[in-house]
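Every chain is numbered from 1 and lettered A, B, ... according to where its sequence line falls, protein lines coming before strand lines. In this text the structure is predicted, and so the values were computed from the model without any measurement. All heavy atoms count here, side chains included; hydrogens, waters and symmetry mates do not.
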Protein chains: 2
Amino acid sequence: MQINRETDYAVRCVLYLCGRKDGAITMADEISSAMNVPRSFASKILQKLSRAGIVASHQGVKGGFSIARAPRNISMLDIVTVIEGPLALNVCLESGESCGLSPSCPVHPYWHTLRTGVEELFAELTFDRFLEDRLPGKPMPPRTPLRTKKTTK
Amino acid sequence: MQINRETDYAVRCVLYLCGRKDGAITMADEISSAMNVPRSFASKILQKLSRAGIVASHQGVKGGFSIARAPRNISMLDIVTVIEGPLALNVCLESGESCGLSPSCPVHPYWHTLRTGVEELFAELTFDRFLEDRLPGKPMPPRTPLRTKKTTK
DNA sequence: TAAAACAAGACTATATTAGTCCAGTATTTA
DNA sequence: TAAATACTGGACTAATATAGTCTTGTTTTA
Ligand code: SF4
Ligand code: SF4
């Protein structure tokens, strides 16, 4: 029951963009080093966020990323969903999947309820909350990447 | 953000034992086939539950497992915690671990709040709730194991 | 039109999951 | 008291997921 590292990184990226004045365009490189997210991983994450309409991407020379929605319209649930897919809790709650005979399982409906509860918690937490504490440009704590070096086979 | 299969199996095992009259002693074999949990995996899971004091184990010929606490004193949180360890949500919430400089991270306290919220949800859901719906001995839906056959290398 | 940036996706090492298997220990009962 | 039965503990494993990197291509600006 943990979010993964990619999601934590994604939160950092969005947080950084939320902190820029007027949704300024910022290069992946800057986000990456400011928030201590491995460079090329950051690109991948920003692409996901971009496709999901949370950030906007701009190609070309003066390109980069900018925030696409007001911070108060971006929730923790949005980020988790974009990165990890719909919050499922248990397999029987994944859309396509069903566990043999889910309708007859006495536990199934309770998992469903729990999921809803968790989703509400995550949806309530929007990014404007973080900005109260953190002025734009403040440094972010590094989180040691597992693999920093390139694969020098 | 999913519980793992072992936890789902653990819930099934506990549920089955809760359904037995007077905390009757039941063999792992019976639990396994009644609840469709792979046999040897069930043993392992029951051992964990036993060490955690949720079920009691009895060795020897008429041995097996029985429920060790009243169903209403066993919660979903208990099971998840026993099987997967303390609910952490993010690395910075694991006891020993800290992410470089967690105290300065603006997101950290919010993860903490979310964790507390999720824990409450899981703690509220106790096993007596399931028994309202399900009379002892009702069959359980199978959940197709990933690996059914023994490793015949 | 060259340089700067993102886009898409193939590729990889390591960790975790989802189990199996076996040698040993405790308990009952013939 | 010695089988037989059932749990205990731990080593072992294949498949999958995680946490990244790298390369090639496309868009935009100066
Ligand atoms: S909760 Fe019930 S329906 Fe869902 S996966 Fe577990 S056994 Fe299947
Ligand atoms: S939330 Fe903050 S402290 Fe926690 S892991 Fe992420 S960056 Fe580190």
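From A:I45, atom CD1 reaches atom CZ of A:R12 across 9.5 Å, with rounding to the nearest 0.5 Å.
Contact check for A:L49 versus A:L17: no side-chain heavy atoms found under the 4.5 Å cut-off.
Listed nucleotides: C:dA5, D:dT21, C:dA18. Nearest to the side chain of A:F41: D:dT21. Each of D:dA19, D:dC7, D:dT21 was ranked by its minimum atom distance to the side chain of A:P38; first place goes to D:dT21. Here the side chain of A:N4 is nearest to one of C:dT17, D:dA6, D:dA19, namely D:dA19.
Note: CD (A:Q47) to C1' (D:dT26) measures 12 Å, nearest angstrom. Between B:Q2 atom CD and C:dT16 atom C1' there is a gap of 14 Å when expressed in whole angstrom units. Between the P atom of D:dT21 and the CG atom of A:L46 lies a distance of 14 Å, rounded to the nearest Å. In this structure, the NZ atom of A:K48 is 13 Å from the C1' atom of C:dG9, given to the nearest Å. One atom, CE of A:M1, and another, P of C:dT16, lie 17 Å apart when rounded to the nearest Å. One can place CD1 of A:I45 at 9 Å from C1' of D:dG20, the figure rounded to the nearest angstrom. In this structure, A:E6 places its CD atom 20 Å from P of C:dT14, rounding to the nearest Å. Counting to the nearest Å, the P atom of C:dT28 and the CE atom of B:M27 are 15 Å from each other.
By the neighbour-count criterion of 12 heavy atoms within 6.0 Å, atom CZ of A:R72 is sparsely surrounded, having that number or fewer from other residues, nucleotides or ligands.
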(request) Could you please spell out the steps behind the side-chain hydrogen bond (donor to acceptor under 3.5 Å, both in side chains) verdict for B:T7 and B:E84? (result) CA-CA 7 Å; B:T7 303; B:E84 309 189 13; 2.6 Å; yes
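An OP1 or OP2 oxygen of C:dA5 is reached within less than 4.0 angstrom by no side-chain nitrogen or oxygen of A:R39. Dashed line: the shortest gap from a side-chain N or O of A:Y9 to OP1 or OP2 of D:dG20 is under 4.0 Å.
For the pair A:S40 and B:T26, nearest-nucleotide mapping onto DNA chain D gives the more 5' position to B:T26.
Inspection of the B:S32 and B:R39 side chains reveals no N or O donor paired with an N or O acceptor under 3.5 Å.
Across residues 50-64 of chain B, B:R51, B:S57, B:H58, B:Q59, B:G60, B:V61, B:G63, B:G64 each have a non-hydrogen atom less than 4.0 Å from an atom of DNA chain D (numbered order).
Classification of the A:H108-A:H112 ring pair by plane angle, with boundaries at 30° and 60°, yields tilted.
Counting atom types as modelled, A:K44 pairs a side-chain N or O with a base atom of D:dG20 as donor and acceptor under 3.5 Å.
With sequence neighbours excluded, no residue forms a ring-ring contact (aromatic ring centres under 6.0 Å, His included) with B:F122.
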